[in-house]
2 protein chains.
Amino acid sequence: MADESQYELDEETLFLVSQTFKALSDPTRIRILHLLFEEELSVNKIAETLDLNQSNVSHQLRFLKNLRLVKYRRDGKTIYYSQDDEHVMKILQQSIDHATHH
Amino acid sequence: MADESQYELDEETLFLVSQTFKALSDPTRIRILHLLFEEELSVNKIAETLDLNQSNVSHQLRFLKNLRLVKYRRDGKTIYYSQDDEHVMKILQQSIDHATHH
DNA sequence: TATATATATGAACATATATTCATATTATAA
DNA sequence: TTATAATATGAATATATGTTCATATATATA
């Protein structure tokens with residue numbers, strides 16, 4: 001892979017990269033994604049587990065969904081969310097490990 | 001390394017991880033760190049290269065320095081900043097590559 | 001000493017963001 | 001149909017953030 005650090009970053013790249021890291025810059029979203037390391041979960045289950053407002057969870061999930069970091073499937077009245085970006089989840093996992101062991 | 005995703009993240013870890021990603025969530029800071037991939041640079045040089053206000057660059061560098069993502073050395077009137085966290089710089093590099101090639 | 005240069009700092013401001021509240025939407029069950 | 005449950009949505013609000021401006025600090029040079 002060519003070294004590209006000598007070039008100015010174009011706006012599209014800057015926006016995409018910054019948005020992705022913004023998703024990971026909020027404790028609530030980190031907690032939600034951390035839960036989704038393991039398994040798919042419903043909105044209510046996430047809200048209960050993390051002791052968060054249902055509306056808050058829904059808003060954050062929309063944010064993550066727009067960035068395609070999570071996906072969902074409906075089963076009756078319940079909507080199950082799960083992770084949808086291996087690369088980002090791996091980065092998050094690594095960073096949590098890094099922070100935990102220091 | 002044990003799988004820790006079943007545990008709740010403690011506040012300290014949450015704060016550290018979110019702060020680190022917050023550093024990478026702003027286009028200006030990404031551009032600055034991207035410049036520092038290659039070499040150490042003075043505040044003015046960074047400001048000129050990126051066409052940014054000197055004060056703005058100084059504020060952002062302080063932010064990055066507080067998180068120990070950059071370090072500095074003084075040479076006369078000039079202060080040279082350089083990267084100081086391989087792990088974070090690697091994550092940034094990977095994410096830029098990832099975004100560029102999609 | 002006085003002047004110039006490089007950088008840092010704090011206040012001010014406009015914008016962005018996270019959260020809550022009230023309510024709408026969607027699907028199921030009675 | 002009506003009632004209930006799960007989720008989504010939009011407005012409101014308080015706080016956080018990025019940037020600029022004016023100025024302070026630190027160093028070098030005349």
Side-chain angles (χ1 to χ4, degrees), chain A residues 9 11 14-36 39-82 84, chain B residues 9 11 14-36 39-82 84:
Chain A
L9 296 170
E11 264 201 50
L14 268 178
F15 182 74
L16 186 56
V17 172
S18 61
Q19 279 295 108
T20 302
F21 284 124
K22 188 162 291 170
L24 304 177
S25 73
D26 174 70
T28 298
R29 287 192 291 269
I30 292 176
R31 295 173 76 207
I32 292 174
L33 289 173
H34 180 250
L35 276 187
L36 299 181
E39 51 182 342
E40 65 171 12
L41 290 169
S42 70
V43 179
N44 272 343
K45 183 67 181 174
I46 294 172
E48 282 170 31
T49 305
L50 302 180
D51 193 26
L52 292 171
N53 193 299
Q54 176 269 321
S55 176
N56 188 5
V57 173
S58 191
H59 279 300
Q60 300 299 355
L61 286 171
R62 180 167 58 175
F63 183 103
L64 296 171
K65 182 167 57 73
N66 286 341
L67 283 171
R68 297 179 195 279
L69 302 188
V70 301
K71 61 183 190 296
Y72 67 90
R73 69 176 181 87
R74 176 183 279 278
D75 181 13
K77 282 173 297 192
T78 307
I79 296 187
Y80 293 96
Y81 280 85
S82 57
D84 198 31
Chain B
L9 296 169
E11 264 200 51
L14 269 178
F15 182 73
L16 186 56
V17 173
S18 62
Q19 280 294 110
T20 302
F21 285 124
K22 190 163 291 172
L24 304 177
S25 72
D26 174 69
T28 298
R29 287 192 293 269
I30 293 176
R31 295 173 77 205
I32 291 174
L33 289 173
H34 180 250
L35 275 187
L36 299 180
E39 52 182 342
E40 65 171 14
L41 291 168
S42 71
V43 178
N44 271 344
K45 183 66 182 174
I46 294 172
E48 282 171 31
T49 306
L50 301 181
D51 194 26
L52 293 171
N53 192 298
Q54 177 270 323
S55 176
N56 189 5
V57 173
S58 190
H59 279 301
Q60 300 298 353
L61 286 170
R62 179 166 59 174
F63 183 103
L64 296 172
K65 181 166 59 70
N66 286 341
L67 283 172
R68 298 178 194 281
L69 301 189
V70 301
K71 61 182 190 295
Y72 66 90
R73 71 179 180 85
R74 176 182 282 278
D75 181 14
K77 282 173 295 193
T78 306
I79 297 188
Y80 293 96
Y81 281 85
S82 57
D84 198 30

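Labels below follow one simple rule: chain letters A, B, ... track the order of the sequence lines, proteins then strands, and each chain is numbered from 1.
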Looking only at side-chain N and O atoms, does B:Arg29 come under 4.0 Å of OP1 or OP2 in D:dG18? yes
Distance test, side-chain N/O of A:Tyr72 to OP1/OP2 of D:dA8, below 4.0 Å: no
Please give me the minimum heavy-atom distance between A:Ala23 and A:Leu67, naming the atom from each residue. CB-CD1, 3.7 Å
Tell me, do B:Leu41 and B:Thr49 make a side-chain contact under 4.5 Å, heavy atoms counted? no
Any chance you could lay out the side chain to side chain contact (heavy atoms under 4.5 Å, CB included) test for A:Asp26 and A:Gln60, step after step, and finish with the verdict? CA-CA 10 Å; A:Asp26 174 70; A:Gln60 300 299 355; 4.3 Å; yes
Kindly state which residues belonging to residues 45-56 of chain B come within less than 4.0 angstrom of DNA chain D, counting heavy atoms of the residue only, listed by number. B:Asn53, B:Ser55, B:Asn56
Name every residue in residues 59-69 of chain B that has at least one heavy atom under 4.0 Å from any atom of DNA chain C, in order of residue number, or write none if there are no such residues. B:His59, B:Arg62
Roughly how far apart are B:His59 NE2 and B:Leu64 CG, rounded to 0.5 Å? 13.0 Å
Could you list where the contact with chain A starts and ends along DNA chain C, reading 5' to 3', using a 4.0 Å heavy-atom cut-off? C:dT17 to C:dT28
Nearest 0.5 angstrom please: B:Leu35 CG to B:Ile30 CD1, how far? 12.5 Å
Please list every donor-acceptor pair under 3.5 Å in which a side-chain atom of residues 70-79 of chain A meets a protein atom from a residue at least two apart or in another chain.
from: A:Lys71; atom 1: NZ; to: A:Ser82; atom 2: OG; distance (Å): 3.4
from: A:Lys71; atom 1: NZ; to: A:Gln83; atom 2: O; distance (Å): 3.1
from: A:Arg73; atom 1: NE; to: A:Glu40; atom 2: OE1; distance (Å): 3.1
from: A:Arg73; atom 1: NE; to: A:Glu40; atom 2: OE2; distance (Å): 3.1
from: A:Arg73; atom 1: NH2; to: A:Glu40; atom 2: OE2; distance (Å): 2.6
from: A:Arg74; atom 1: NH1; to: A:Gly76; atom 2: O; distance (Å): 2.9

Please determine whether side chain to side chain contact (heavy atoms under 4.5 Å, CB included) holds for the pair B:Arg31 and B:Leu52, giving the CA-CA distance in whole Å, both sets of side-chain angles, and the decisive distance to 0.1 Å. CA-CA 11 Å; B:Arg31 295 173 77 205; B:Leu52 293 171; 4.2 Å; yes
Say whether, by atom type as modelled, one donor and one acceptor occur between the side chain of A:Ser58 and the main chain of A:Gln54 under 3.5 angstrom. no
Dot-bracket notation for DNA chain D, counting Watson-Crick and G-U pairs under 3.5 Å, with | for partners on another strand: ||||||||||||||||||||||||||||||
Between CG of A:Asp26 and C1' of D:dT17 the distance, given in whole Å, is 14 Å
Check step by step if side chain to side chain contact (heavy atoms under 4.5 Å, CB included) holds for A:Leu24 and B:Leu24. CA-CA 9 Å; A:Leu24 304 177; B:Leu24 304 177; over 6 Å; no
For B:Tyr80, which contact category applies under a 4.0 Å heavy-atom criterion: base, sugar-phosphate, or nothing? nothing
Between A:Lys22 and A:Lys77, which residue's closest nucleotide on DNA chain C lies nearer the 5′ terminus? A:Lys22
Quick check for you: to the nearest 0.5 Å, what is the distance between B:Thr28 atom OG1 and B:Asn53 atom CG? 11.0 Å
Non-hydrogen atoms of B:Leu36 and B:Tyr81 that approach each other most closely: CD2-O, 3.5 Å
In chain order, what residues pass the ring-ring contact (aromatic ring centres under 6.0 Å, His included) check against A:Phe15, with sequence neighbours excluded? none
Contact summary for B:Ser25 and A:Ser18, nearest pair of heavy atoms: O-CB, 3.4 Å
